[in-house]
Amino acid sequence: MTKQEFATLVVAMQTMYGEDFIGTEQELDVWYALLHDLDYQILSKALQQYMLTNKFKPTVAELREIYAELVSPATSDWSEGWEQVSKAIGHYGMYQEKAAMASFDEVTREVVKRLGFQNICLSENIVADRARFAEIYQAIQLRKRTEVNVGSALPNLREMVQNRLAELAQKGQKAIEQEKDKN
């Protein structure tokens, strides 16, 4: 997203939430650093969705969360993944592991790799396996959503903070030099 596109979103937020929504230039820079990696059109839709459903000012995290949902909506929950596993066991059996694994969606495949397809097939405690499957499935979904949500904002923020610290150090050095000149 360009600075001009970001400025359009800022104007919309200030119109809705007041002129002091993003007060200082530094706040504006932080917001831009945290959002600039997102697609303008999708972020604009996320902002509209937020404005239509919330009374209070958005945070960067809330906008990124809605953005992530728009970009990659949760397609299934763990129970649908477990159903895929159950059907694959019935259809492929324990000896056609490759074919069974190919029939799973990405998250289910990763969960089954961790648990072991043959271990699930031979299990005598399917209730415990289903519970572990659900736990791992939800953790993987959360990790994937976080990856989409965080994106490349973290390195950009780190760089911005380092630049700001360098600026402050420079100003401090100039102040010290001016103080020496006075004496």
Side-chain angles (χ1 to χ4, degrees), residues 1 5-6 9 13 16-17 30-162:
M1 169 174 47
E5 291 170 333
F6 178 68
L9 297 177
M13 288 186 280
M16 187 76 163
Y17 301 110
V30 169
W31 271 74
Y32 182 70
L34 294 173
L35 295 173
H36 88 279
D37 61 313
L38 305 180
D39 178 81
Y40 169 72
Q41 296 296 330
I42 299 170
L43 183 58
S44 179
K45 288 179 183 167
L47 180 59
Q48 289 173 15
Q49 182 177 331
Y50 184 89
M51 289 176 166
L52 290 170
T53 58
N54 292 279
K55 298 176 188 177
F56 303 105
K57 300 175 183 181
T59 64
V60 169
E62 289 168 327
L63 292 177
R64 289 192 77 92
E65 192 174 301
I66 295 169
Y67 181 94
E69 183 63 34
L70 291 173
V71 170
S72 61
T75 54
S76 63
D77 66 2
W78 71 266
S79 65
E80 292 170 3
W82 183 253
E83 185 177 342
Q84 289 177 27
V85 172
S86 298
K87 287 181 179 178
I89 291 170
H91 187 262
Y92 298 107
M94 77 180 260
Y95 296 110
Q96 295 182 26
E97 184 175 343
K98 285 185 180 180
M101 295 296 276
S103 71
F104 301 145
D105 64 65
E106 181 185 355
V107 176
T108 301
R109 188 176 309 112
E110 193 172 335
V111 174
V112 172
K113 270 186 199 173
R114 288 186 187 182
L115 293 174
F117 183 72
Q118 291 188 0
N119 291 339
I120 296 171
C121 292
L122 296 173
S123 175
E124 293 182 13
N125 190 350
I126 205 71
V127 173
D129 289 335
R130 186 177 59 222
R132 281 194 307 263
F133 180 92
E135 185 179 320
I136 295 169
Y137 192 97
Q138 291 166 341
I140 291 171
Q141 270 193 328
L142 179 62
R143 187 191 77 225
K144 288 186 179 295
R145 181 166 300 282
T146 301
E147 287 171 2
V148 169
N149 203 354
V150 172
S152 62
L154 211 50
N156 295 324
L157 182 61
R158 187 174 295 123
E159 181 182 327
M160 188 192 76
V161 168
Q162 287 172 345

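Positions are given from 1 along the sequence.
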Nearest atoms (heavy-atom pairs only) where [X] meets [Y]:
| X | Y | value |
| --- | --- | --- |
| Pro58 | Tyr17 | CD-CE1, 3.4 Å |
| Trp78 | Ala134 | CD2-CB, 3.3 Å |
| Asp77 | Ser79 | OD1-OG, 2.7 Å |

Applied to residues 79-98, the ring pair (Phe, Tyr, Trp, His ring centres under 6.0 Å) test, sequence neighbours excluded, yields Trp82-Phe133

With rounding to the nearest 0.5 Å, note down the distance linking [atom1] in [X] to [atom2] in [Y].
| X | Y | atom1 | atom2 | result |
| --- | --- | --- | --- | --- |
| Ile136 | Arg114 | CD1 | CZ | 6.5 Å |
| Tyr50 | Met13 | OH | CE | 11.0 Å |
| Leu38 | Leu70 | CG | CG | 11.0 Å |
| Leu47 | Leu35 | CG | CG | 9.5 Å |
| Leu43 | Tyr67 | CG | OH | 7.5 Å |
| Glu65 | Glu69 | CD | CD | 8.5 Å |

Next on the checklist: Looking at Arg64 and Leu34, would you say the former's side chain and the latter's main chain have a donor-acceptor pair under 3.5 Å?
Outcome noted: yes

- Query: Do side-chain atoms of Asn54 reach the backbone of Lys57 as a donor and acceptor pair under 3.5 angstrom?
  - Reply: no

Salt bridge (charged side-chain N to carboxylate O under 4.0 Å, His left out) pairs touching residues 128-141, sequence neighbours excluded, are Asp129-Arg132

* To do: Report yes if some heavy atom in the side chain of Trp31 is under 4.5 Å from a heavy atom in the side chain of Leu63; otherwise report no.
  => yes

Mind checking side chain to side chain contact (heavy atoms under 4.5 Å, CB included) for [X] and listing every partner two or more places apart, or none if nothing turns up?
| X | answer |
| --- | --- |
| Gln48 | Ser44 |
| Met16 | Met51 |
| Tyr32 | Lys3, Phe6, His36 |

Residues passing the ring-ring contact (aromatic ring centres under 6.0 Å, His included) test with Tyr40, sequence neighbours excluded, are none

Who are the side chain to side chain donor-acceptor pair (under 3.5 Å) partners of [X], not counting sequence neighbours?
| X | value |
| --- | --- |
| Glu124 | none |
| Asn119 | none |
| Thr59 | Glu62 |

Does a sphere of radius 6.0 Å around NZ in Lys45 hold more than 12 heavy atoms from other residues, nucleotides or ligands, not counting ones at 6.0 Å or beyond?
no

Those residues at least two apart in sequence (or on a different chain) that pass salt bridge (Lys or Arg N to Asp or Glu O under 4.0 Å) with Glu5 are none

Contacts of Lys113 meeting salt bridge (Lys or Arg N to Asp or Glu O under 4.0 Å) (sequence neighbours excluded), chain-then-number -> none

Applied to residues 96-109, the side-chain hydrogen bond (donor to acceptor under 3.5 Å, both in side chains) test, sequence neighbours excluded, yields Gln84-Asp105, Asp105-Thr108, Glu106-Lys144

